[in-house]
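Count residues from 1 along the sequence.
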Amino acid sequence: MKNQKRKKRRVVFLCNKDDYISKLPNSILCNILTSLKVREGVRTSILSSKWKHIYANPTNLILDGENMLKRDHLASNAWQYQSEGLRFEFQRNRTLAFVSNVKQYLSNVEQVQKIYKLSVYFTFGNNTYGSTDLDEWIRFAIKKNVEEIDLCLLEEENQTTNDASLHVFPCDIVGNEGASGKKSFLKCLRLAHCVLAPHMSYNHGFSTLTTMELFQVDLKSEVHLQILLSSCSNLEWLGFSECYNMENLRIENPFCQKLKYLNVSLCKQLKKLVLHNTSLETLEYKGSEVEFVFNAPRLTAFYSLVSDSTACHKELWPILRLPTDLPHLKTLIMQCSCFMGEVMKIRLPALTFPCLRHLEVIKGATLRQDLDWVAIILKTCPMLRRLELHLRTYFCIDDEVSESGWPPRFSHEHLKEVVITGIRGHSSEIEIAIYLMRNATALEKMTIDPSAKVYLGKGKWDHEDVLGNWSKEGREKVHKLLNQEANSSAVELLIK
């Protein structure tokens, strides 16, 4: 009886001629199709007379191999060909097919009124087949009032390139939009593996940018870089990662007057970073030692990676410079290697961060965590309110918690919250937590999280999986020892 009712309902449903999806507004249908691959979106044109034209009105243009090519032409198939000649022929046919398919697709969407994003992820070089077509696709998007351009012009990360082989980004196309008097809508520009070298005659189109992110981009010269920065009057987020021909980065008034976040990572040729800016709030720097010249009164947040190479020279750069260069610093994220504990004990006591309120330390240890550098941090940062320790202890030393040899007790009167992540239940980790409870007299809350917190860069974090020995051994040990200490100190303890 029940099966008959189910069949009856199914028949009624199949006979219902109402097409509820097609009744949705075009704007919602376009958003649905934007999440599909191009070839899947084209297939929807057979669903109804209304859907036939929906796919031709995309809000985003996502042009990559997975979207535009058949499986036989995917980049992963190149390794099937053993000889270099056959691989070259495969890449040539693949590029021909990609350019042809994109042209055909764009010819079907010529009537679209607005494009929000153009994304191209395909290998294009300087004056190679398809490079002029790429420029035309950018021109098409600019004419459609595009707001975001994202170009990654090298698909294989391990593929080597040289300056002469990089595609030259058509600054004249973007820049002349502003020069011609037509309003530019471009807000976000992300470029990877290309040349960016604007001239004064066509840099107006960059004035509307709020975000610019450059990865392995050839900036040609300091003159071109200054021309670029001089035009970015509305820029708020700026990132340089592994960029070429950038020896001096100068962000000085009146350029980039709205810039709030600056990221400079692994630019090997960089020698000097000059910041005379009244709007910059956060600086993230990763790389070798360079000359800092700071006059940025609002720069209160700094991220720094302290590498093994600096540890070998008994340095703690750039941390040693910060109390002098940025005395008003309020937030510091510091990533250290396994061997930085001894260096920190030697170099940190001579420093004072008078305004630091929030400190995060990502610290690895080969055998056990060192308690001394934690004690020094408390003394170095007298006004600290929040401390986060993201620990990595790679080998277990199975011993009992011991107070012998601990640093002398003292009273830190401002630390209110402590977060310790990546804890596995090792005695040295528990000793750190107990020491903080006993010496931070104003401490209100401590959070223990076995999931290690990982910094991804650019202000983003992630968590690693909890290791198996936490649930078997570590959790019980941490609960027993820290709950006992928390009860005696009235600290709110949260163990995840």
Minimal non-hydrogen separation, Tyr435 against Ala375, with atom names
OH-CB, 3.4 Å

Are Met212 and Leu235 packed together at the side-chain level, in the sense that at least one heavy-atom pair is separated by less than 4.5 angstrom?
yes

Can Ile251 and Leu280 be said to form a side chain to side chain contact (heavy atoms under 4.5 Å, CB included), step by step?
CA-CA 10 Å; Ile251 300 180; Leu280 188 65; over 6 Å; no

Hey, are Lys363 and Asp370 close enough for a salt bridge, meaning a charged N less than 4.0 Å from a carboxylate O?
no

Can you list every pair that meets side-chain hydrogen bond (donor to acceptor under 3.5 Å, both in side chains) and has a residue in residues 253-262, with sequence neighbours left out?
Asn234-Lys258, Tyr261-Glu284

Sidechain N-carboxylate O distance under 4.0 Å for Arg368, Glu429:
no

Evaluate Tyr303 against Glu360 for side-chain hydrogen bond (donor to acceptor under 3.5 Å, both in side chains), listing each step before the verdict.
CA-CA 9 Å; Tyr303 164 82; Glu360 298 193 45; over 6 Å; no

Residues Glu136 and Lys103 bridged, charged N to O under 4.0 Å
no

Side-chain heavy-atom pair Leu229, Phe206 within 4.5 angstrom cut-off
no

Side chain to side chain, Pro450 and Arg475, heavy atoms closer than 4.5 Å:
no

Does the ring center of Phe292 lie less than 6.0 Å from the ring center of Trp317?
yes

For the side chain of Thr128 and the backbone of Phe124, is there at least one donor-acceptor N/O pair under 3.5 Å apart?
no

Closest non-hydrogen atoms of Met344 and Ile376, given as atom of the first, atom of the second and distance, are O-CD1, 4.2 Å

Check Leu118 against Trp137 and note the closest heavy-atom contact, atom names and distance.
CD2-O, 4.0 Å

Residues Arg298 and Glu281 bridged, charged N to O under 4.0 Å
no

Can you check whether Leu63's main-chain N or O pairs, donor with acceptor, with Asn67's side chain at less than 3.5 Å?
no

Tell me whether the guanidinium CZ or amine NZ of Lys144 lies under 6.0 angstrom from the six-membered ring centre of Tyr116 and within 45° of its axis.
no

Option passing side chain to side chain contact (heavy atoms under 4.5 Å, CB included) with Leu359 (candidates Thr331, Leu415, Leu387)
Leu387

Whether the side chain of Arg424 engages the backbone of Thr393 through a donor-acceptor N/O pair (distance < 3.5 Å, no angle test) should be reported.
yes

Determine whether Asn263 and Phe240 make a side-chain contact, defined as any pair of heavy atoms from C-beta on separated by less than 4.5 Å.
no

Any donor and acceptor pair, going by atom type alone, linking the side chain of Tyr129 with main-chain N or O of Thr132 inside 3.5 Å?
no

Examine distances only and state if a side-chain atom of Asn248 and a backbone atom of Lys271 form a donor-acceptor pair shorter than 3.5 Å.
no

N-O pairing of Glu464 and Lys453 below 4.0 Å:
no

Close side-chain approach of Pro382 to Thr352, heavy-atom, < 4.5 Å:
yes

Determine whether Trp461 and Val454 make a side-chain contact, defined as any pair of heavy atoms from C-beta on separated by less than 4.5 Å.
no

With distance as the sole test, does Ser451 use its side chain to make a donor-acceptor pair with the main-chain N or O of Asp465 at under 3.5 Å?
no

Audit row: Thr210, Glu236, side-chain hydrogen bond (donor to acceptor under 3.5 Å, both in side chains) steps and yes/no
CA-CA 5 Å; Thr210 58; Glu236 297 178 4; 5.6 Å; no

Does the distance from a Lys or Arg side-chain N to an Asp or Glu carboxylate O, for Arg385 and Glu444, drop under 4.0 Å?
no

Does the Thr123 side chain pair with the main chain of Glu155, one donor and one acceptor, at a distance under 3.5 Å?
yes

What verdict does the side chain to side chain contact (heavy atoms under 4.5 Å, CB included) test give for Leu348 and Ile377, after you've listed the backbone C-alpha separation in whole Å, the side-chain angles of each residue and the deciding distance to 0.1 Å?
CA-CA 8 Å; Leu348 274 181; Ile377 280 176; 4.2 Å; yes

Donor-acceptor contact below 3.5 Å, side chain Lys114 vs main chain Asn145:
yes

Does any non-hydrogen side-chain atom of His328 lie less than 4.5 Å from one of Lys330?
no

Spell out, as yes or no, whether a donor-acceptor pair under 3.5 Å connects the side chain of Glu213 to the backbone of Arg190.
no

Aromatic ring proximity His193/His167, centre distance under 6.0 Å
no

Could you tell me whether the side chain of Tyr455 and the main chain of Lys460 form a donor-acceptor pair under 3.5 Å?
no

Candidate list Leu153, Leu166, Val168, test side chain to side chain contact (heavy atoms under 4.5 Å, CB included), partner Asn126, passing option:
Val168

With heavy-atom distances below 4.5 Å as the criterion, would you say the side chains of Ser207 and Ser231 are in contact?
no

Search all heavy atoms of Met437 against all heavy atoms of Leu493 and return the closest pair with its distance.
CE-CD1, 3.9 Å

Assess whether atom NZ of Lys286 is packed by more than 12 heavy atoms of other residues, nucleotides or ligands within 6.0 Å.
no

